[in-house]
Amino acid sequence: MALGDLPGKKKIIIRKGGGPSNKPSKNGSIVSYIISTLLIFIIISTLYSFISDSFGKKLEQIPISELATDIKSGLVKVIVVKGDTLDIEYKAGEKKTSKKEGEEALIQTLVNYSVPKDQLAQIKIEIKNESGLGYWLLNLSPIIFPILFIAVFIWFITRQVKGAGMQALTFGQSKARMIDPNDKNQRVTFKDVAGCKEAKEELLEIVDFLRNPKKFLDIGARIPKGILLMGAPGTGKTLLARAVAGEASVAFFSISGSEFVEMFVGVGASRVRDLFLMAKKNSPSIIFVDEIDAVGRVRGIGAGGGNDEREQTLNQILVEMDGFEPNEKVIVMAATNRPDVLDPALLRPGRFDRRVTLDLPDRKDREEILQVHSTKKPFAEDVNLVVIAERTPGFSGADLYSLMNEGAILAAREDRTKVSQFDLIRSIEKVMLGPERKSHILSKKEKEITAYHEAGHAVLASMLPYADPVHKISIIARGRALGYVFKLPLEDNKLQSKKEFLDDIAVSLGGYVTEKMLFGDLTTGPSNDLQVSTALARDMVTKYGMSDMVGPVALEGQGGKILYGRGVEEKEYSEKVGADIDAEVSRIMKEAHEKAEKIITENKPLLEAIAKRLIETETIERVEFENILIANGITPKKKLDIEHQT
Ligand code: ADP
Ligand code: MG
Ligand code: ZN
């Protein structure tokens, strides 16, 4: 598809790449540019001549009669006539000026003043052209100035009004960005997307259709109009959508859900209309609506005017999707990380009926994603991406991308030309927890409390059979945390069991218990621990059916609270059940607390050893930590143990 095919006035921003630009014609702006330059020029030159003339006029002005007398006395050498101005040069070198009557010739005037002709003949009389620009401007400036001023003023005002008007006119036009299939720099293909195997397979069908629609249409197959990509942030939804367009070599129109909604009601809907129109003209093509949950939320219950706008936009999307036929070869893709809040009407057959889920990458996929992002990065010999992949469970594709990037930045900052394994390892923590805040100085007391707090977590993580083992402990502040225990599962498991949850909660309480036991006081330190563990306990009861008392019911959806959507009727259980939930949550927390207290009490020497070492070195790595465990007669967890236990 050539760019020239695009409808003329649309505001398409073509990313990079050559080709004729499709911006609105520049003629208007050039004309006004020229006019303004001219005006400025005129103003400056007028001012200049005005000023320079008034400087020149410092000469003494004498009446013509005096001039006549001076000529008669033989004092005058030259007279320069400029219109009715006379510049007189005396033989003594003096200069004066005078005025003559407009119409009459100078000679005649002087003769009338009875200057003898022979004396006149001795004077050099020069007649100068009086039509110089400066002359005219000088004479006309009293008229020109106000006119100019008014003209400039009017021009300025109209320009502003026009600008506003233009804005109002272009307002509804879709703000979509288009990626041209022929632009090699922008092109993304499936090769650039690592992992996501199932998703790619699913989308291959769409690619096939876009490449060769006839094959499908001839046999009467109905190709889905809408594909919804669902997945956590950073799992590569946007990337994958672009890859589909790249694979199929079709035009790709992308717009973000929030861009539909702007200040004025009705704009969203007209943008949708524009976007579909544009896509149809360029078919086969893909329309990609990123973050569709911004407009596609459940309709009906709403507060405030913004909701109206959203509803209209959503309606328009539905209308457009219903309106086009399969042979129009336009496919709508949309992405969201909140499929739970989407309006059911969007998901109906004939709309976004094809749904593709993108999961967080598993170990193998993480390795592949790291591989994809390691091109163009020179690695030192010790780099082992398998290890990095093992240590990054829960990382999304975007996290892995930024990990690789951070690693390269670290190496560059230390003036090395190759990225080493150590750079990458350090980047894991940076991506997970934010940069180290080495400048954050803890007081001696704070440092002690933090060390014991983290040691408490670490002891529990080592002693509880279902908790993830400790990878690293540190009391160097990071992000908002003063210290942290970095735990890693031995395996990448998708399912979590009740026993694991219970142990996790106990580990979270480790800091709280230790502070209370050792210092007889509490700080605000464990507040986040308490929040996280209580939320987990609540989820166990209300989502996963892990409470015997409440039983196997899911009382809350995956999405949790929704303000605008259906969330208003969020509470789907009785007061009694509500009280039961609270009772269960506090029972779980209490039991975890008791368990934590017991283990800390029984392992005081280990706790002391870890805390002392932390105060000394601030960071303990896995190997050293395991040595401390062994020194205290505890066998570190190994993969085999877990397998044995489960
Ligand atoms: P989402 O739209 O799901 O939030 P993006 O598609 O914007 O995520 O992904 C952000 C970045 O993360 C991508 O530009 C890419 O660099 C990287 N990324 C994510 N997933 C993958 C993947 N599967 N393979 C390669 N890179 C990925
Ligand atoms: Mg995205
Ligand atoms: Zn803690």
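Computed from a predicted model, the values in this text were never measured in an experiment. Nothing fancy with the numbering, it's 1 onward along the sequence. All values below come from the heavy atoms of this structure, side chains included, with hydrogens, waters and symmetry mates left out. All ligand and atom numbering here is 1-based and tracks the order in the structure.
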Exercise. Would you mind naming the N, O or S atom of H453 nearest to the Zn ion (ligand 3)?
Key: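 This turns out to be NE2.
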Practice problem: Restricting to N/O/S, name the atom of D529 that gets closest to the Zn ion (ligand 3). | Solution: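 Nearest N/O/S atom: OD2.
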Quick one: nearest non-hydrogen protein atom to [atom], plus distance?
{"atom": "atom 10 (C) of ligand 1", "value": "A398 CB, 3.8 Å"}
{"atom": "atom 24 (N) of ligand 1", "value": "A194 N, 2.9 Å"}
{"atom": "atom 2 (O) of ligand 1", "value": "T238 OG1, 2.6 Å"}
{"atom": "atom 18 (N) of ligand 1", "value": "G397 C, 3.7 Å"}

Does [X] come within less than 4.0 Å of [Y], counting only side-chain N to carboxylate O?
{"X": "R426", "Y": "E406", "result": "no"}
{"X": "R622", "Y": "E626", "result": "yes"}
{"X": "K197", "Y": "D365", "result": "no"}
{"X": "R538", "Y": "E584", "result": "no"}
{"X": "E367", "Y": "K364", "result": "no"}
{"X": "K237", "Y": "D290", "result": "no"}
{"X": "K612", "Y": "E616", "result": "no"}
{"X": "R354", "Y": "E205", "result": "yes"}

So is [X] polar-close to ligand 1, meaning N/O to N/O under 3.5 Å?
{"X": "I369", "answer": "no"}
{"X": "K237", "answer": "yes"}
{"X": "G195", "answer": "no"}

Taking 4.0 Å as the limit for heavy-atom contacts, which would you say applies to [X] with ligand 1: side chain only, backbone only, both, or neither?
{"X": "P233", "answer": "backbone"}
{"X": "H373", "answer": "side chain"}
{"X": "C196", "answer": "side chain"}

Quiz item: Between F253 and L275, is any pair of side-chain heavy atoms under 4.5 Å apart?
Solution: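 Of all side-chain heavy-atom pairs linking L275 with F253, at least one is under 4.5 Å.
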Quiz item: Taking C-beta and beyond as the side chain, do L203 and L229 meet within less than 4.5 Å on heavy atoms?
Solution: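 Side chain of L203 against side chain of L229, heavy atoms only: contact under 4.5 Å found.
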Residue [X] vicinity, atoms of ligand 1 by number, heavy atom under 4.0 Å:
{"X": "T235", "value": "3 (O), 8 (O), 20 (N)"}
{"X": "D192", "value": "24 (N), 25 (C)"}
{"X": "V193", "value": "23 (N), 24 (N)"}

Self-check item: The one among L239, N405, L240 that brings a heavy atom closest to atom 27 (C) of ligand 1
Solution: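 Closest candidate by heavy-atom distance is L239.
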Self-check item: Heavy-atom nearest option to atom 5 (P) of ligand 1, drawn from G236, P361, S402, A199
Solution: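 Among G236, P361, S402, A199, the closest heavy atom to atom 5 (P) of ligand 1 belongs to G236.
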Practice problem: Tell me whether E454 has at least one N, O or S atom under 2.8 Å from the Zn ion (ligand 3). | Solution: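 Looking at E454, which is the residue asked about, there is no N, O or S atom under 2.8 Å from the Zn ion (ligand 3).
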Quiz item: Strictly under 6.0 Å, is that where the ring centroids of Y544 and F501 end up?
Solution: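 Yes, the ring of Y544 comes within the 6.0 Å limit of the ring of F501, centre to centre.
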Quiz item: Under 6.0 Å between ring centres, would you say that holds for H457 and Y484?
Solution: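 For H457 and Y484, the ring centres are not under 6.0 Å apart.
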Exercise. Answer yes or no for G234: is there a heavy-atom contact with ligand 1 below 4.0 Å?
Key: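 Right, G234 reaches ligand 1.
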Quiz prompt | Any N337 heavy atom less than 4.0 Å to ligand 1 | solution =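 Judged by the 4.0 Å heavy-atom criterion, N337 does not count as contacting ligand 1.
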